Amino acid sequence: QVQLVESGGGLVQAGGSLRLSCAHSGRTFTRYAMGWFRQAQGHDREFVATITRGALYTYYTDSVKGRFTISRDNAKNMVYLQMNNLKPEDTAVYYCAALEYYGTRPSDKASDYTDWGQGTQVTVSS
């Protein structure tokens, strides 16, 4: 089974930055598109970003475009989310997710992803 472990969350002031990391346990990491989702208290789980298996394509929800960057290092089985200019509305539990997908436009629907990490809390103070 695939295991995903997120790290890097924490408390940061508005305007600050955090880098989230996700370690993927599988031997076939390059078969997977990877995504980041977040869930704020009292809200549904929301798509944040996704990246194709070869990292040629990335997609973001409008609210984070220009501030967040998703990347991956296939040699290390790692996915990252660099978050800059953080805002209080970014406060949420952030989840890493995996989807076997070989195309150019991975899904932005949480229900399509097959493996999930435990989540890491990001809190942005005003």
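Every heavy atom of this structure was used, including side-chain atoms; hydrogens, water molecules and symmetry mates were not. Every value quoted in this text rests on a predicted model; they were computed, and no experiment measured them.
Between T114 and L99 the shortest heavy-atom distance is OG1-CA, 4.4 Å. Between R67 and N85, the closest heavy-atom pair is NH1-O, 3.0 Å. The two atoms that bring V48 and V64 nearest to each other are O-CG2, 3.8 Å, heavy atoms only. For the residue pair S126 and P88, the shortest heavy atom distance occurs at CB-CG, 3.8 Å. Nearest heavy-atom pair across D90 and R38 is OD1-NH1, 2.9 Å. The heavy-atom pair separating V2 from L4 by the smallest distance is CG1-CD2, 4.1 Å.
Using a 4.5 Å cut-off between side-chain heavy atoms of Ile, Leu, Val, Met, Phe, Trp and Tyr, with links allowed through other members, L81 and M78 fall into different hydrophobic clusters. Hydrophobic cluster membership is shared by V122 and I70, with clusters built from Ile, Leu, Val, Met, Phe, Trp and Tyr side chains linked at under 4.5 angstrom. Linking Ile, Leu, Val, Met, Phe, Trp and Tyr residues whenever their side-chain heavy atoms come within less than 4.5 Å leaves W116 and Y32 in two separate clusters.
Going from atom CZ of R53 over to atom OG1 of T104 covers 12.5 Å, rounded to the nearest 0.5 Å.
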Audit row: V124, K87, side-chain contact (heavy atoms from CB on, under 4.5 Å) steps and yes/no: CA-CA 6 Å; V124 184; K87 303 175 179 181; 5.5 Å; no

Would W36 and T50 satisfy side-chain contact (heavy atoms from CB on, under 4.5 Å), going step by step from the backbone distance to the final call? CA-CA 6 Å; W36 287 96; T50 188; over 6 Å; no

Please evaluate residues Q121 and T123 with respect to the criterion side-chain hydrogen bond (donor to acceptor under 3.5 Å, both in side chains), reporting the C-alpha separation (whole Å), side-chain torsions for both, the decisive distance (0.1 Å), and the verdict. CA-CA 6 Å; Q121 176 71 46; T123 302; 3.2 Å; yes

Under the ring pair (Phe, Tyr, Trp, His ring centres under 6.0 Å) rule, what do Y95 and F37 come out as? Steps first, then yes or no, please. CA-CA 5 Å; Y95 297 91; F37 294 78; 8.8 Å; no

Criterion side-chain contact (heavy atoms from CB on, under 4.5 Å) on Y94 and Q39, from CA distance to verdict: CA-CA 7 Å; Y94 283 70; Q39 187 163 15; over 6 Å; no

Evaluate the criterion side-chain contact (heavy atoms from CB on, under 4.5 Å) for residue pair Y113 and K109; output intermediate values, then yes/no. CA-CA 7 Å; Y113 286 75; K109 301 296 188 294; over 6 Å; no

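Listed by first and then second residue, the ring-ring contact (aromatic ring centres under 6.0 Å, His included) pairs involving residues 48-90 amount to none (not counting sequence neighbours). For the side chain to side chain donor-acceptor pair (under 3.5 Å) condition, the pairs that include at least one residue of residues 12-31, sequence neighbours left out, are S17-N84.
Contact check on K65 versus D62 returns a salt bridge, with a Lys/Arg side-chain nitrogen under 4.0 Å from an Asp/Glu carboxylate oxygen.
Taking Ile, Leu, Val, Met, Phe, Trp and Tyr as members and joining any whose side-chain heavy atoms lie under 4.5 Å apart, directly or through other members, Y102 forms no hydrophobic cluster with any other residue.
Geometrically, R72 engages F29 in a cation-pi contact defined by less than 6.0 Å to the ring centre and at most 45° from the axis.
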